[in-house]
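By convention in this document, chain letters (A, B, ...) are assigned in the order of the sequence lines, proteins followed by strands, and residues within each chain are numbered from 1.
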Number of protein chains: 2
Amino acid sequence: MATSITSIRDLAASVRGRRRSLGLSQAQLAGRAHVSRQWVGQFEAGRPTAELRLVLQVLEALDLRLTLDERDGDRREPSSAIDLDALLDEHRRER
Amino acid sequence: MATSITSIRDLAASVRGRRRSLGLSQAQLAGRAHVSRQWVGQFEAGRPTAELRLVLQVLEALDLRLTLDERDGDRREPSSAIDLDALLDEHRRER
DNA sequence: ACAAAATGTCAGCGTACGGCGACAATCATA
DNA sequence: TATGATTGTCGCCGTACGCTGACATTTTGT
């Protein structure tokens with residue numbers, strides 16, 4: 001049951017959902033993740049400036065695993081954008 | 001080709017690896033992700049206090065996808081720790 | 001060998017983060 | 001309905017983040 005994370009809001013919603021499904025209060029989660037209760041609340045509300053380390057701590061406390069994979073082939077633009085830049089750089093070098 | 005992310009170091013290494021495999025410099029990636037070049041360098045070096053939003057921006061710029069999934073069943077302790085707390089809470093309520 | 005490109009590192013600046021205590025508002029339950 | 005639990009929000013404080021410019025060091029390419 002994997003959820004794709006494309007935004008902070010996705011992540012926040014997943015964290016809140018998981019916390020609730022485990023029957024934990026924000027305070028309990030905070031204790032396990034070594035963050036403040038207020039931090040949990042604000043993170044769940046979608047705060048984009050949260051510190052990565054603390055995010056990972058919370059995910060760990062909730063037994064949530066993050067995985068990272070490539071999505072080349074799924075996107076149309078980035079590969080052409082990359083080629084364009086590489087091309088220009090190369091062109092500049094040859095000149 | 002999915003990589004499990006269990007630490008900042010994992011993530012940083014994946015980002016650097018991906019950037020290199022795409023043939024991008026830190027400066028190029030920085031431009032695409034709307035962060036400073038120095039930020040990319042420090043993040044790749046494993047800085048744990050990076051801002052989540054910027055991390056997601058960089059992952060997007062590298063066409064890397066994050067997914068989140070539950071790992072109950074893989075761990076032995078958390079489920080017993082959670083049960084203990086829930087039990088105590090319930091016990092307190094009944095009293 | 002040398003030059004250009006890339007990366008590592010430093011310092012200054014302004015903004016804001018995380019923890020804390022506290023209180024308001026909301027929710028759950030008896 | 002009343003009460004306790006939970007969550008939202010505020011303000012204070014000290015620390016540090018991200019950007020920038022700059023320079024040192026390393027790597028790459030010829």
Side-chain angles (χ1 to χ4, degrees), chain A residues 7-9 11-62 81-95, chain B residues 7-9 11-62 81-95:
Chain A
S7 69
I8 307 277
R9 204 159 279 182
L11 187 55
S14 294
V15 164
R16 179 166 277 180
R18 175 68 167 164
R19 175 177 65 80
R20 284 175 173 167
S21 79
L22 293 177
L24 299 176
S25 66
Q26 291 182 342
Q28 285 171 328
L29 174 57
R32 286 166 204 199
H34 307 294
V35 297
S36 71
R37 175 193 68 78
Q38 287 89 331
W39 189 92
V40 172
Q42 287 170 357
F43 178 68
E44 289 183 349
R47 188 206 289 233
T49 49
E51 181 182 306
L52 180 60
R53 172 172 29 201
L54 302 184
V55 173
L56 293 188
Q57 275 167 211
V58 161
L59 294 181
E60 169 125 36
L62 290 171
I82 290 167
D83 287 341
L84 192 63
D85 276 301
L87 227 62
L88 286 172
D89 284 345
E90 206 167 331
H91 186 67
R92 269 186 228 119
R93 250 180 243 144
E94 289 174 351
R95 201 177 35 156
Chain B
S7 69
I8 307 279
R9 205 158 280 185
L11 187 55
S14 294
V15 164
R16 178 166 278 182
R18 176 70 168 163
R19 175 177 65 80
R20 284 174 173 170
S21 78
L22 294 177
L24 299 175
S25 66
Q26 292 182 342
Q28 285 171 325
L29 174 57
R32 286 165 203 200
H34 307 294
V35 297
S36 71
R37 176 193 66 78
Q38 287 88 334
W39 187 94
V40 172
Q42 286 171 357
F43 178 67
E44 288 183 350
R47 187 203 294 225
T49 50
E51 183 181 304
L52 181 60
R53 170 170 33 198
L54 302 183
V55 173
L56 293 188
Q57 275 167 210
V58 162
L59 294 181
E60 168 125 36
L62 290 171
I82 290 165
D83 288 341
L84 192 61
D85 277 300
L87 230 61
L88 286 173
D89 285 344
E90 205 168 330
H91 186 67
R92 270 186 226 120
R93 255 182 239 139
E94 289 174 352
R95 202 179 32 158

**OP:** With the side chain of Val35(B) defined as its heavy atoms from C-beta on, choose the nearest nucleotide among dG8(D), dC19(D), dT7(C).
**Re:** dC19(D)

Subject >> Within residues 37-45 of chain B: residues closer than 4.0 Å to DNA chain D (heavy atoms) >> reply: Arg37(B), Gln38(B), Trp39(B)

**OP:** Check whether any side-chain nitrogen or oxygen of Gln28(B) sits under 4.0 Å from OP1 or OP2 of dA5(C), and answer yes or no.
**Re:** no

Indicate every side-chain donor-acceptor pair of residues 51-58 of chain A with a distance under 3.5 Å to a residue at least two apart or in another chain.
| from | atom 1 | to | atom 2 | distance (Å) |
| --- | --- | --- | --- | --- |
| Glu51(A) | OE2 | Arg53(A) | NE | 3.4 |
| Gln57(A) | NE2 | Ala33(A) | O | 2.8 |

**OP:** State which of dC17(C), dC17(D), dT7(D) makes the closest approach to the side chain of Arg47(B).
**Re:** dC17(D)

Original post:
How would you list, by chain and number, every residue that makes a side chain to side chain contact (heavy atoms under 4.5 Å, CB included) with Arg9(A), sequence neighbours excluded?
Top reply: Ser7(A)

Original post:
Which residue pairs pass the salt bridge (Lys or Arg N to Asp or Glu O under 4.0 Å) test when at least one of the two sits in residues 36-45 of chain A, sequence neighbours left out?
Top reply: Arg16(A)-Glu44(A), Arg19(A)-Glu44(A)

Subject >> Estimated bend of the helix from dA1(C)-dT30(D) to dA30(C)-dT1(D) (axis per five terminal pairs, rounded to 10 degrees) >> reply: 70°

Subject >> 5' priority, DNA chain C, between Arg20(B) and Glu51(B) [closest heavy atom] >> reply: Arg20(B)

Original post:
Ser36(A) side chain N/O closer than 4.0 Å to the phosphate oxygens (OP1, OP2) of dC20(C)?
Top reply: no

Original post:
Taking the side chain as C-beta and beyond, is there a heavy-atom pair between Gln28(A) and Leu22(A) under 4.5 Å?
Top reply: no

**OP:** Output every pair passing ring-ring contact (aromatic ring centres under 6.0 Å, His included) with a member in residues 14-35 of chain A, not counting sequence neighbours, ordered by first then second residue.
**Re:** none

**OP:** Would you classify Arg16(B) as touching base, sugar-phosphate or nothing, given that sugar-phosphate means primed atoms plus P, OP1 and OP2, and contacts are heavy atoms under 4.0 Å?
**Re:** sugar-phosphate

Original post:
Using a cut-off of 4.0 Å on non-hydrogen atoms, how would the nucleic acid contact of Arg19(A) be classed: base, sugar-phosphate, or nothing?
Top reply: sugar-phosphate

